[in-house]
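In what follows, a structure is listed as structure tokens, so that the remarks can point back to it.
FYI, side chains are in, hydrogens and waters are out, and symmetry mates aren't considered; it's all heavy atoms of this structure. Below, chains carry the letters A, B, ... as their sequence lines are ordered, and counting in each starts from 1. As the structure is a computational prediction, the values presented were derived from the model and not from experiment.
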2 protein chains.
Amino acid sequence: MTLKQLEAFYWAAKLGRMSIAAPRLHVTYATLARRIADLEESVGAQLFDRSSKPADLTSTGRRLFPLAGKILDLKEQISNEVVTVPAAPKYVELR
Amino acid sequence: MTLKQLEAFYWAAKLGRMSIAAPRLHVTYATLARRIADLEESVGAQLFDRSSKPADLTSTGRRLFPLAGKILDLKEQISNEVVTVPAAPKYVELR
DNA sequence: GCTCTTTACGGTCGTCGTAACTATA
DNA sequence: TATAGTTACGACGACCGTAAAGAGC
């Protein structure tokens, strides 16, 4: 399980179509579908039902969705809170 | 930023020494140190103060620590809640 | 027929472990 | 000197994009 895989799954689920999620993550269809397939293998269950054409979430996928969202929120929180200026920004010269 | 990097950082910080964290994650010193260094580059700041020998956390590292813990908790939650038996286990044949 | 998704293939990049090196206590 | 951590290096594996194929609507 990787953050990229969770990100791919999350946006595909949120946007409903992989074809829309792919450019949003700056990758091709193939890459996005592969990341989701790898996540499914890692989890051991199908996350999307491919029988319908705009692929729909399975029950497992619906269970994973909010958890994936939380992880991505935390990742963004790290990017925002940790990367920005530290607690003692007086005359500190970074690097 | 990857889950492996956060995991390396989290356990090194929690256990105090990289030399103890490394075998816990089933990797060598070199691999663990590299993952942490990569995370530092990704974050753009030092996480450990290498001037003291058992490396100590910087202020940025102390800020990252609880967030990393939350992400790893969520990862484990996914492993526990999502991987287990689905909602309709009647006569469904997986695969 | 058209759109959405998967698979095959080739190339590139990342990541790992071993081993040698540096530095602190 | 012994222990903690980093760097160099070679090899293996992962990942991406292009292109072609398969499957609903």
key: Full working for side-chain contact (heavy atoms from CB on, under 4.5 Å) between A/Thr2 and B/Thr2   = CA-CA 7 Å; A/Thr2 70; B/Thr2 70; over 6 Å; no
request  = Check whether any side-chain N or O of B/Arg62 sits under 3.5 Å from a backbone N or O of B/Leu57 as a donor-acceptor pair, and report yes or no.
outcome  = yes
task = Select base, sugar-phosphate, or nothing to describe what A/Ser19 touches, counting heavy atoms under 4.0 Å on all strands.
result = sugar-phosphate
request  = Let me know the distance between CD of B/Gln5 and C1' of C/dG14, rounded to the nearest Å.
outcome  = 11 Å
request  = Nearest whole angstrom, please: distance from the C1' of D/dC25 to the CZ of A/Arg17.
outcome  = 11 Å
query = Are any of the side-chain nitrogens in A/Arg50 or A/Glu40 under 4.0 Å away from the carboxylate oxygens of its partner?
reply = yes
Residue met sooner reading DNA chain D from 5', once B/Ile20 and A/Val27 are mapped to nucleotides = B/Ile20
ask   = Between B/Asp49 (CG) and D/dA4 (C1'), how many Å, whole number?
value = 14 Å
inquiry  = Using a 3.5 Å distance criterion without hydrogens, assess whether the side chain of A/Thr58 forms a donor-acceptor pair with backbone atoms of A/Gly61.
reply    = yes
Dump the pairs, protein N or O against N or O of nucleotides 6-13 of chain D, anything under 3.5 Å, distances to one decimal.
from: D/dT6; atom 1: OP1; to: B/Arg50; atom 2: NE; distance (Å): 2.4
from: D/dT6; atom 1: OP1; to: B/Arg50; atom 2: NH2; distance (Å): 3.0

query = Once you round to the nearest 0.5 Å, how far does CZ of B/Phe9 lie from CD of B/Gln5?
reply = 12.0 Å
note = To the nearest angstrom, the CG-C1' distance between B/Leu3 and C/dT15 comes to 16 Å
request  = Apply side-chain contact (heavy atoms from CB on, under 4.5 Å) to the pair A/Ile71 and B/Ile78, showing each step before the final yes or no.
outcome  = CA-CA 10 Å; A/Ile71 282 200; B/Ile78 288 176; 4.1 Å; yes
Whole-Å distance separating the CD1 atom of A/Ile36 from the P atom of D/dC16 = 12 Å
ask   = How close or far is atom P of D/dA14 from atom CD of A/Glu41, stated in whole angstroms?
value = 11 Å
ask   = A/Thr60 side chain to A/Leu47 main-chain N or O, any donor-acceptor pair under 3.5 Å?
value = no
ask   = Of all the choices, C/dC4, C/dT15, C/dG17, which nucleotide is nearest to the side chain of B/Asp38 once you look at every atom?
value = C/dT15
task = Would you kindly give the CG-to-P distance between A/Leu15 and C/dC4, to the nearest whole Å?
result = 13 Å
note = 5'-most contact on DNA chain D (nearest-nucleotide basis), A/Arg35 vs A/Ser51, goes to A/Arg35
remark   = In whole angstroms, the gap separating P of D/dG5 from CG of B/Leu39 amounts to 16 Å
